[in-house]
Amino acid sequence: MMRDILAFAIFFCSYETLKEKAFEQSQGNKNLPTLIAIGSLTGLLLWVPSYPIDVVKTKMQADDLKNPEFKHTSDAVRKIYRNEKLKGFFKGFTP
């Protein structure tokens with residue numbers, strides 16, 4: 001839920017701001033390629049800050065219930081950073 005709140009707050013704010021700025025310069029003349037570009041950029045802005053939260057959530061969900069590696073969220077964050085550094089939070093972000 002925390003990931004979704006952060007992600008969609010970023011998405012809607014950046015989408016509306018970029019759309020407003022783009023169409024302000026073109027006197028409100030909306031075109032499909034511009035809307036696609038704005039949507040793509042805001043999608044990227046959505047995932048960059050929320051992806052690490054998703055990685056932590058996924059690792060905790062996949063953890064062994066009988067012998068868990070992570071005790072709680074901050075423990076998972078600490079262990080991911082200790083073992084993989086910052087790169088560990090973006091594993092799978094790029095092909």
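Residue numbers run from 1 in the order of the sequence given. The structure presented is a predicted model; accordingly, all values stated were derived computationally and were not measured.
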Give the intermediate values and the outcome of side chain to side chain contact (heavy atoms under 4.5 Å, CB included) for residues V55 and K59. CA-CA 6 Å; V55 167; K59 286 189 179 243; 4.0 Å; yes
Would F23 and T34 count as a side chain to side chain contact (heavy atoms under 4.5 Å, CB included) if you check the C-alpha gap in whole Å, the side-chain angles of each, and the deciding distance to 0.1 Å? CA-CA 9 Å; F23 297 131; T34 302; 4.0 Å; yes
Check step by step if side chain to side chain contact (heavy atoms under 4.5 Å, CB included) holds for S40 and L44. CA-CA 6 Å; S40 299; L44 182 64; over 6 Å; no
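In this structure, CD1 in I5 is found 12.0 Å from CD1 in I10, a value given to the nearest 0.5 Å. Interatomic distance, CG of D63 versus NZ of K71, reported as 12.0 Å (0.5 Å rounding). The OG1 atom of T17 sits 8.0 Å away from atom NZ of K21, with the distance rounded to the nearest 0.5 Å. Atoms CG and OH, from L41 and Y15 in turn, are 11.5 Å apart once rounded to the nearest 0.5 Å.
Across all their heavy atoms, G92 and Y51 have their closest contact at C-OH, 3.2 Å. Nearest approach of K79 to E69, heavy atoms of both residues: NZ-O, 2.6 Å. Across every non-hydrogen atom of P49 and L6, the tightest pair is O-CD2, 3.9 Å. Taking all atoms of both residues into account, the shortest heavy-atom contact from F93 to W47 is CE1-CB, 3.9 Å. Across all their heavy atoms, F70 and D75 have their closest contact at CA-OD2, 3.4 Å.
Hydrophobic clustering, with ILVMFWY side chains joined whenever heavy atoms are under 4.5 angstrom apart, keeps I38 apart from L32. Cluster annotation: I36 and F11 are assigned to distinct hydrophobic clusters (Ile/Leu/Val/Met/Phe/Trp/Tyr, side-chain heavy-atom contacts under 4.5 Å, transitive).
Note that K85 lies in the cation-pi zone of Y81, set by a 6.0 Å cut-off to the ring centre and a 45° limit from the axis.
Ion pair K91/E84 flagged as a salt bridge, since at least one NZ, NE, NH1 or NH2 atom sits closer than 4.0 Å to an Asp/Glu carboxylate oxygen.
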